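Residue numbering restarts at 1 for every chain, and letters A, B, ... go by the order of the sequence lines. Keep in mind it's a predicted model, so treat the numbers as computed, not measured.
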Amino acid sequence: MRISELARTTGASARSLRYYEQLGFISPERRSNGYRDYDESAVATVRTIKTLLDLGLPSALIEQILPCTRGKKVEDQCPAIVDQVVALRDDMDSRARDLLRTRDALTESLTRIGR
DNA sequence: GTTCTTACA
DNA sequence: TGTAAGTA
């Protein structure tokens, strides 16, 4: 299928689809006229990409996860992925604490000037 | 008319 | 990411 159709069925813009290709997430064939030609599997792949991106996973990690999404459980095919997700979660925790600390310091300062 | 690449906001 | 420009 052409890019507009894949865009319609996945909800991703044609712009994003080309970007995903740049990142190496998808590799569509090319028609004689130069148009990209996506196979049915691209639909599922793009949906996975969108989901992972929404979850905030870095593209570098998504790149490693995609090849493991063929079967059912990613953790069965690529155990190493789990460790990276745990690391990501812990990092999020760390950043959240820092943000909270900064927010409290800000509130403290603001309180002193009556705001 | 649709898509492509490149580039700018 | 969206959009504009100039093509094929």
How long is the gap from [atom1] on [X] to [atom2] on [Y], to the nearest 0.5 Å?
X        : Y        : atom1 : atom2 : value
Thr69(A) : Ile65(A) : OG1   : CD1   : 9.0 Å
Ile49(A) : Leu57(A) : CD1   : CG    : 12.0 Å
Ile26(A) : Arg18(A) : CD1   : CZ    : 10.5 Å

Checking salt bridge (Lys or Arg N to Asp or Glu O under 4.0 Å) for the pair Asp91(A)/Arg95(A): CA distance, chi angles, key distance, verdict? CA-CA 6 Å; Asp91(A) 185 58; Arg95(A) 283 184 291 164; 3.3 Å; yes
Using purine N1 to pyrimidine N3 plus N6-O4 or O6-N4 for Watson-Crick, or N1-O2 and O6-N3 for G-U wobble, each under 3.5 Å, what pairs with dA8(C)? dT2(B)
Side chain proximity check, Arg70(A) to Ser41(A), heavy atoms < 4.5 angstrom: yes
Leu66(A) versus Tyr20(A): any side-chain heavy-atom pair under 4.5 Å? no
Whether each nucleotide of nucleotides 2-9 of chain B has a protein heavy atom under 4.0 Å at its base (B), only at its sugar-phosphate (S) or at neither (-) is summarised, 5' to 3', as BSSB----
More than 12 heavy atoms of other residues, nucleotides or ligands under 6.0 Å from CZ of Arg115(A): yes or no? no
Looking at Arg112(A), I'd like to know if its CZ atom is crowded, meaning that more than 12 non-hydrogen atoms belonging to other residues, nucleotides or ligands lie closer than 6.0 Å. no
Does a side-chain N or O of Ser13(A) approach OP1 or OP2 of dT1(C) to a distance below 4.0 Å, or not? no
Could you list by number each residue of residues 42-52 of chain A showing a heavy-atom separation from DNA chain B of less than 4.0 Å, or answer none if no residue does? none
